[in-house]
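For reference, the structure discussed in these notes is given below.
For the single chain, residues carry numbers from 1 onward in sequence order.
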Amino acid sequence: MAERQDNSSHAAVGECTTRHLSLTLRVDFQARCIQARAALTVEAERDGLSELTLDTRDLKILKATTNGLEAKFSLGDKHSFKGTPLTITLPFKLLRGQQAVVEVSYETSPEASALQWLTAEQTAGKAHPYLFSQCQAIHCRSMIPCQDTPAVKSTYSARVSVPKELIALMSANRDGELVDDQDESRKIYCFRQMVPMPSYLIALVVGSLESRVIGPRSRVWSEKEMVDAAAYEFEETETMLKTAENLVGPYVWGQYDLLVLPPSFPFGGMENPCLTFVTPTLLAGDKSLSNVIAHEISHSWTGNLVTNKNWEHFWLNEGHTVYLERMICRSMFDEKFRQFVAMGGWKDLLEAIETFGPTDPLTCLVPGLRDTDPDDAFSSVPYEKGFALLYHLEEQLGGPDIFMGFLKAYIQIFAYNSVTTEEWKKCLYSYFNDKTKILDQVDWNAWFHSPGIPPFTPHYNTSMADACIALCKRWLTTSDAELGCFSGTDLKEMSSQQIIEFLSLLLLEPPLRLNNVKRMQEVYKFNCVKNAEIKFRWLRLCLRAQWEEAIPLALEMVTVQGRMKFTRPLYRDLYNFEKARQQAIDTFMKNKPSMHPTTAALVAKDLHLV
Ligand code: BES
Ligand code: ZN
């Protein structure tokens, strides 16, 4: 069976399975490392199991024991993106179904790819250091030696020692705190995750954090400087949770908290169980970017309960999550709004295919990842090609309510498990066993395995996009002599989402003439806009029009925040703008030591420095 293989992991999934992970972590800000013990309860999947292989990256392994007895271990060769396999010899053979506790004592490296260590100066409060993790897709192994594959799910518990002025949180329910009896200046925070989950969902944050209650099962956490703004911005959280529960069934994780990270957090949001991580660039002041919260909430079912078996099937996580996110949006607003955001998503797909090139294998819905780091494969393709497929099926099979019946059944059937695309498809055929004629008309091979634009183009209702389309056309067709026809009132009736869509439409066209962007600044004053999604698209438009005045603004945006969705395209546009190229490289080299390790690695590739 090919699917026993996870091309992104050294762990042999068919050999044994981790059932529970017990972590003892001591966070050392001076040494920028975690001194740790990880006790894995592993279960043999076959008779005669005598060794097991774990994933590691840059870990210093000090000792290994099995059921308390010292065990032999050896590290293999370091693979370019998979890291170093750690093989532990068991002092006895296990029978199928038998369990053993394997404990590894180790230290993380200051360069651990999952961790960003921030100095006090890099935080909003300037008084305390800060640490956060980001494990998806294959970075957990730089924090914990483990079977770092989403095919394996386990519960976990943790005790985390930190300086007593700081708070530690994890992707788990909080289970009390005590003084560290080894060191009076430290405190220990305890956690318990009772729902089995994949390693990529393990998450840790340590910092000077405060919280506000925003719902019956929700708090928002951040440094105190942002906590009130965050409580306002994410006020709809409980409504979204209830809406999701009405669509797909009970939320099983207990608490649903949000953590607003420092600006270098590389993603918009990360669905860490019990504690979604989000970028501070969502703080627009008007809740206009809250779809990211609907998205991360949706992962509580698609992704965290039903998980892709390996990263080649990542679209199962993200495509279904985008679909659910947009169903929440439909329930809370209306179908017209869902159509509007779905159309925006299709544009994102076209842009991603253009960036890779239409024959690039990474534009396939199910890409092969034998020789590819999942970080390099990441794009809008699994999200939006995945959504486009699900929307196409919805239309063919009888509409949103009928298709939601399938999604709910799929979640019930595969909850607490990991799935492949083939298993998903089997489930679809069995749920719609009275509609197999319709299903057989779908060009599955093209959808799953052909690069480029999908075999079917959706037609979305344009009523909310019409104003954006019309304004975009005017800017494309107006001659220099007629630029006086534009004024600030053009945007009066438009929401921030519509302004974002207007700019996205312009970005799909050939560059605007310089006079046009200058006039646009005069009338719309986009240079002063705070909304990060608007600012990002505006600066790209200016850079493509070769407007030199935009260079310092773009360099500022890539420096003050590190969300890859913004930082990478801006760096690429700066690179492609002759006059800005050297400044972009200089800015990157200067900031690199204080950047997030993943962002720094990918921007270095974008700037052709590696
Ligand atoms: N799980 C992803 C983020 C991720 C994916 C991190 C792969 C590392 C590897 C998260 O749920 C996500 O999709 N975030 C989006 C939100 C958007 C689609 C609404 C983001 O960060 O922009
Ligand atoms: Zn997602």
Exercise. Assess whether ring-ring contact (aromatic ring centres under 6.0 Å, His included) is satisfied between Phe387 and His320, documenting all intermediate values.
Key: CA-CA 7 Å; Phe387 175 82; His320 288 93; over 10 Å; no

Practice problem: Evaluate the criterion side chain to side chain contact (heavy atoms under 4.5 Å, CB included) for residue pair Lys82 and Asp373; output intermediate values, then yes/no. | Solution: CA-CA 8 Å; Lys82 286 198 274 189; Asp373 184 335; over 6 Å; no

Practice problem: Start with the C-alpha gap between Thr302 and Val248, add the side-chain angles, then the distance that decides, and say whether side chain to side chain contact (heavy atoms under 4.5 Å, CB included) holds. | Solution: CA-CA 10 Å; Thr302 48; Val248 282; over 6 Å; no

Practice problem: I would like to know whether Leu261 and Phe267 meet side chain to side chain contact (heavy atoms under 4.5 Å, CB included); could you show each step before the answer? | Solution: CA-CA 10 Å; Leu261 284 115; Phe267 293 94; over 6 Å; no

Quiz item: Going through the checks in order, is the side chain to side chain contact (heavy atoms under 4.5 Å, CB included) test met by Leu49 and Val42?
Solution: CA-CA 11 Å; Leu49 187 79; Val42 297; 5.8 Å; no

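One side chain, Gln99 or Glu43, offers a donor N or O that lies under 3.5 Å from an acceptor on the other. For the residue pair Arg57 / Ser113, a side-chain donor-acceptor distance below 3.5 Å is found, with atom types taken as modelled. Using modelled atom types, one finds a donor on one side chain and an acceptor on the other under 3.5 Å when comparing His139 with Asp375. Side-chain contact annotation: Glu271 with His295, donor-acceptor N/O pair under 3.5 Å absent. Glu312 and Asn7 share a side-chain donor-acceptor pair at under 3.5 Å. Checked by atom type, the side-chain pair Ser264/Gln116 shows a donor-acceptor distance below 3.5 Å. Remark: the Ser298 side chain and the Thr321 side chain contain no N/O donor-acceptor pair separated by less than 3.5 Å. No side-chain donor from either of Thr237 and Tyr256 sits under 3.5 Å from a side-chain acceptor of the other. Between the side chains of His313 and Thr420, not a single donor N or O lies within less than 3.5 Å of an accepting N or O. Residues Asp257 and Trp221 have side chains that bring a donor and an acceptor to within less than 3.5 angstrom of each other. Checked by atom type, the side-chain pair Thr149/Asp6 shows a donor-acceptor distance below 3.5 Å. Side-chain N/O atoms of Gln182 and Asp180 include no donor and acceptor closer than 3.5 Å. Side chain to side chain, Ser9 and Asp55 meet the donor-acceptor criterion of an N or O pair below 3.5 Å. Side-chain N/O atoms of Glu325 and Asn291 include a donor and acceptor closer than 3.5 Å.
In this structure, Gln147 contributes its side chain and Thr18 its backbone to a donor-acceptor pair below 3.5 Å. Proximity of a side-chain donor or acceptor of Thr53 to a complementary backbone N or O of Pro85 within less than 3.5 Å is not detected. When atom types are taken as modelled, the side chain of Thr108 and the backbone of Ile34 share a donor-acceptor pair closer than 3.5 angstrom. Without hydrogens or angle criteria, Ser379 side chain to Val381 main chain gives a donor-acceptor distance under 3.5 Å. With Glu70 contributing its side chain and Thr65 its backbone, the two residues share no donor-acceptor pair below 3.5 Å. Using a distance-only test at 3.5 Å, with no hydrogens or angles considered, a donor-acceptor pair links the side chain of Thr363 to the main chain of Gly452. Distance alone, capped at 3.5 Å, is enough to place a donor-acceptor pair between the Lys153 side chain and the Leu305 backbone. Between the side chain of Trp447 and the backbone N or O of Lys385, no donor-acceptor pair lies under 3.5 Å. The backbone N or O of Gly405 lies less than 3.5 Å from no partner atom in the side chain of Tyr410, so there is not a single donor-acceptor pair. Gln134 places a side-chain N or O within 3.5 Å of a backbone atom of Gln136 that can act as its donor or acceptor partner.
Considering Cys274, Ser154, Ser157 in turn, Cys274 is the only one that fulfils the side chain to side chain contact (heavy atoms under 4.5 Å, CB included) rule with Gln193.
The local environment of CZ in Arg19 is crowded, with over 12 non-hydrogen atoms from other residues, nucleotides or ligands closer than 6.0 Å. At most 12 heavy atoms of other shown residues, nucleotides or ligands fall within 6.0 angstrom of atom NZ in Lys426. By the neighbour-count criterion of 12 heavy atoms within 6.0 Å, atom NZ of Lys592 is sparsely surrounded, having that number or fewer from other residues, nucleotides or ligands. Annotation for Arg568: atom CZ counts as buried by contact number, over 12 foreign heavy atoms lying within 6.0 Å.
In this structure, the side chains of His299 and Met270 stay at 4.5 Å or more apart for every pair of heavy atoms. Asn246 places none of its side-chain heavy atoms less than 4.5 Å from the side chain of Thr243. At least one side-chain heavy atom of Tyr156 sits less than 4.5 Å from a side-chain heavy atom of Ser171. Put simply, the side chain of Leu59 does not reach to within 4.5 Å of the side chain of Glu107, judged on heavy atoms. Leu169 places a side-chain heavy atom less than 4.5 Å from the side chain of Arg174. Residues Asn67 and Phe92 have side chains in contact (heavy-atom distance under 4.5 Å, counting atoms from C-beta outward). The shortest side-chain heavy-atom distance between Ile188 and Val160 does not fall under the 4.5 Å cut-off. Counting heavy atoms from C-beta on, the side chains of Lys408 and Leu247 never come closer than 4.5 Å.
Residue Trp315 holds its CH2 atom at 6.0 Å from OG1 of Thr421, rounded to the nearest 0.5 Å. Rounded to the nearest 0.5 angstrom, Leu201 CG and Asn304 CG are separated by 4.5 Å.
Ion pairing of Glu103 with Lys63 is absent here, as no side-chain N (NZ or NE/NH1/NH2) approaches a carboxylate O to less than 4.0 Å. Asp58 and Arg141 are not joined by a salt bridge, as no carboxylate oxygen comes within less than 4.0 angstrom of a charged side-chain nitrogen. Taking the charged nitrogens against the carboxylate oxygens, Arg326 and Glu384 do have a contact shorter than 4.0 Å, which makes a salt bridge. Using a 4.0 Å cut-off between charged side-chain N and carboxylate O, Glu45 and Arg96 make no salt bridge. Between Arg217 and Glu245 there is a salt bridge, since at least one side-chain N of the basic residue sits less than 4.0 Å from a carboxylate O of the acidic one.
The six-membered or imidazole ring of Phe403 lies near that of Tyr323, with a centre-to-centre distance under 6.0 Å. Separation of the Phe132 and Phe265 ring centroids falls under the 6.0 Å cut-off. In summary, the aromatic rings of Tyr200 and Trp311 are positioned with their centroids under 6.0 Å apart.
Relative orientation of the Phe314 and Phe378 rings is tilted, given thresholds of 30° and 60° on the angle between their planes.
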